[in-house]
Peer 1: 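The structure follows.
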Amino acid sequence: MTRIFSGVKPTGHLTLGNYLGAVRRWADVDQNRADALFCVVDLHALTVEHDPGRVRRLSRQAATLLLASGLDPKLCTVFVQSHVDEHARLSYLLECVASDGEMRRMIQYKEKAARERTRGGSVRLSLLTYPVLMAADILAYGTDEVPVGDDQTQHVELARDLAVRFNQRYGHTFVVPRATRPVVAARVMNLQEPTSKMGKSEDVGPGIVYLLDEPEVIRKKIMRAVTDSGQDVVYDREGRPGVSNLLEILAACEGGNPEGLAGVYESYGSLKKDTAEAVVELLRPVQERHRELCADPAYVEGVLRDGAEKAREMARPWVDAAYRAIGLLPPA
Ligand code: TYM
């Protein structure tokens, strides 16, 4: 059976980008067709300046939102990365296979390191090695497919490269994984700055729709989205990034395609209004279920405890095999 692994990092509140680019597909498709694991990757949240209490709160919230989005512990494994030691164990071995040059070429590293430097902060070494830990997350489970948004493509490519290199040097050990992306909304853009990704970690403000935003807030953010000069509704991501972003969001909510929808609208106003309502309706059941789950924290904790136990059992043989293959003496 196909093995799927993916994760979300608790560095901010989950956004519409996370939902459309990744989480919705995990719930609607992936958990039903494969042996799937979904993880709150909390170790990754320590790679930038962080507040320990906030990381804990966001980890709990992210796990609750994954369940509210429809992940079903009877169908898939939901857990927190730091509860399974195998991720960090394997990460070190993969650091011995990766080169510093390939780490420094990672786009997200370059962008985030530059941002930390302009804030006057130092860049944590873990920010540089982050993609290796991500590769370990994936390779520790013999993963075939990694359902992600567009921005993670380069990181999954690295996981592939490391798997191939490890296998060539030390004998066949890892499955070589591949990324899968949604057909539309693989990169949802910031509503106020439609040439930048809608990201939970870096930004604050009116350009980001959070999964837990009140309906009125969602409507306001979408109605105030920056559109492009020109009046007609055309799908052209390069030339008309603002309108194209709204068309993609609407298409993702309603199941159409953005080019086709462009022909239906004559004004930006009616496109915004319909997009706002579609997003409110899409998120309504997630928000309701989230409220219910918040009233039952013991249930969420139980899911995470069982999930970690299952994940540990799945990861252990892959990581032990890598320890043996690379030349480490097995314990007596
Ligand atoms: P993260 O937490 O930034 O995002 C979680 C998932 O949401 C997708 N995504 C988006 N998709 C479309 N439009 C957007 N604006 C948007 N923003 C985010 C991301 O592509 C991702 O699929 N490094 C990862 C977490 C990670 C991981 C892994 C993922 C760690 N280990 C192993 C897969 C497998 C990250 O920072 O995702």
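Quick note: numbers below take in every heavy atom, side chains included, and nothing from hydrogens, waters or symmetry partners. Just so you know, ligand 1 is whichever comes first in the structure, and atom 1 is the first atom listed for that ligand.
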Peer 1: As a check for students: among G7, G149, A45, identify the option with a heavy atom nearest to atom 22 (O) of ligand 1.
Peer 2: G149
Peer 1: Looking at side-chain heavy atoms only, is the closest gap between V148 and S6 below 4.5 Å?
Peer 2: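 Touching, per the 4.5 Å side-chain cut-off.
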Peer 1: Please state whether G199 comes within less than 4.0 angstrom of ligand 1, counting heavy atoms only.
Peer 2: no
Peer 1: Using non-hydrogen atoms of the residue, decide whether L20 is closer than 4.0 angstrom to ligand 1.
Peer 2: no
Peer 1: Answer yes or no: is there an ion pair linking E309 with R312, defined by an N-O contact shorter than 4.0 Å?
Peer 2: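 Here E309 does not pair with R312 in a salt bridge, since their nearest N and O are not under 4.0 Å apart.
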Peer 1: Closest non-hydrogen protein atom to atom 37 (O) of ligand 1, residue and atom name please, with distance?
Peer 2: Q152 NE2, 3.7 Å
Peer 1: Checking a contact table here: which protein heavy atom is nearest atom 31 (N) of ligand 1, and how many Å away?
Peer 2: D137 OD2, 2.7 Å
Peer 1: Considering non-hydrogen atoms of the protein only, which is the closest contact for atom 1 (P) of ligand 1, and what is the distance?
Peer 2: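 Residue, atom and distance for the closest contact: K200 NZ, 3.5 Å.
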Peer 1: Looking only at protein heavy atoms, which one is nearest to atom 10 (C) of ligand 1, and how far off is it?
Peer 2: G17 O, 3.3 Å
Peer 1: Check this for me - ligand 1, M198, N or O atoms closer than 3.5 angstrom, yes or no?
Peer 2: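 Yes - when backbone and side-chain N and O of M198 are compared with those of ligand 1, one distance drops under 3.5 Å.
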Peer 1: Parallel, tilted or perpendicular: which describes the rings of F79 and F5, with under 30° parallel and over 60° perpendicular?
Peer 2: perpendicular
Peer 1: Applying a 4.0 Å heavy-atom criterion (strictly less than), which segment of V148 is in contact with ligand 1: side chain, backbone, both, or neither?
Peer 2: both
Peer 1: Among protein heavy atoms, which lies nearest atom 23 (N) of ligand 1, and at what distance?
Peer 2: Y130 OH, 2.6 Å
Peer 1: Taking R119 first and then E49, would you say they form a salt bridge - that is, a charged N and a carboxylate O separated by under 4.0 Å?
Peer 2: no
Peer 1: For atom 6 (C) of ligand 1, what's the nearest protein heavy-atom neighbour? Residue, atom name and distance, please.
Peer 2: A22 CB, 3.7 Å
Peer 1: Answer with side chain, backbone, both or neither: which part of L133 has a heavy atom less than 4.0 angstrom from an atom of ligand 1?
Peer 2: neither
Peer 1: Report the nearest protein non-hydrogen atom to atom 19 (C) of ligand 1: residue, atom name, distance rounded to 0.1 Å.
Peer 2: D151 OD1, 3.4 Å
Peer 1: What is the nearest protein non-hydrogen atom to atom 18 (C) of ligand 1, stated with its residue, atom name and distance?
Peer 2: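 The answer is N18 ND2, 3.1 Å.
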Peer 1: Cation-pi check, K112 to Y130: give yes when NZ or CZ is under 6.0 Å from the six-membered ring centre and within 45° of the ring axis, no otherwise.
Peer 2: yes
Peer 1: Between L162 and E102, which heavy-atom pair has the shortest distance, and what is it?
Peer 2: CD2-OE2, 3.9 Å
Peer 1: Decide whether H44 and D137 meet the rule of one side-chain donor and one side-chain acceptor closer than 3.5 Å.
Peer 2: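 The answer is yes; a qualifying pair exists.
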Peer 1: Check E277 with R219, please: is the shortest side-chain N to carboxylate O separation under 4.0 Å?
Peer 2: yes
Peer 1: Counting only heavy atoms closer than 4.0 Å, does ligand 1 sit against the backbone of K9, its side chain, both, or neither?
Peer 2: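 Both the backbone and the side chain of K9 come within reach of ligand 1.
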Peer 1: Would a hydrophobic clustering, with Ile, Leu, Val, Met, Phe, Trp and Tyr connected at side-chain separations under 4.5 Å, put Y109 with M103?
Peer 2: yes
